[in-house]
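Inspection log for the structure reproduced underneath, given as structure tokens.
Predicted model, so just to flag it, every value in this text is computed and none were measured.
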Amino acid sequence: MTLDDYQRAAARTMNASLTREERLMDAAAGMAEEAGEVLALVRKHLYQQRALDPARLREELGDALWCLAVAADAAGFTLEEVATSNVDKLAARHPGGFKTR
């Protein structure tokens, strides 16, 4: 599955009654919520000695990806465009790969 395939599949589950701006806001809020869920799982694992549940982590990362796909769609971008732009930015920032010094 490509990123654009995923984005098209995710779009099937968007609330069609929302305007483009409302979808963007809903997705942006959802990204913050889902990032918080991922953070909570990792924090509890690292600082409270709880076992990290890989299935739950994958589920929450998937929820975050859905929000990202919807936000990109509402903004008129494909996920492929977002990913390519990000890789280009990172390559310019770290042309030889990331190094600490």
Any chance you could measure Glu37, atom CD, to Leu57, atom CG, to the nearest 0.5 Å?
11.5 Å
Qualifying residue for side chain to side chain contact (heavy atoms under 4.5 Å, CB included) with Val38, from Arg56, Arg43, Glu60
Glu60
Using atom types as modelled and distance alone, determine if a side-chain donor or acceptor of His45 lies under 3.5 Å from a backbone N or O of Arg50.
yes
Leu18 reachable from Val70 in the ILVMFWY side-chain graph, under 4.5 Å edges
no
Value for CG (Leu3) from CD (Glu81), rounded to nearest 0.5 Å, stands at 11.5 Å
4.5 Å side-chain heavy-atom contact, Phe98 and Leu90
no
Atom pair CE/CG of Met14 and Asp73 - distance to nearest 0.5 Å:
4.0 Å
Supply the atom-to-atom distance Leu68 CG to Asp63 CG, rounded to the nearest 0.5 angstrom.
12.5 Å
Going by side chain to side chain contact (heavy atoms under 4.5 Å, CB included), name the residues that satisfy it together with Lys89, two or more places apart in sequence or in a different chain.
Asn86, Arg93
May I ask you to decide if Leu79's main-chain N or O and Gln7's side chain share a donor-acceptor pair within less than 3.5 Å?
yes
Counting only heavy atoms not in Phe77 (residues, nucleotides, ligands), do more than 12 fall under 6.0 Å from its CZ?
no
Polar contact flag, side-chain donor to acceptor under 3.5 angstrom, Ser85-Asp88:
no
If only side-chain N and O atoms count, and only distance matters, is there a donor-acceptor pair under 3.5 Å linking Asp4 with Thr2?
no
Checking Leu39 now: which residues fulfil side chain to side chain contact (heavy atoms under 4.5 Å, CB included) with it, not counting sequence neighbours?
none
Inspect the contact between Arg23 and Asp26 and indicate whether a charged nitrogen and a carboxylate oxygen are less than 4.0 angstrom apart.
no
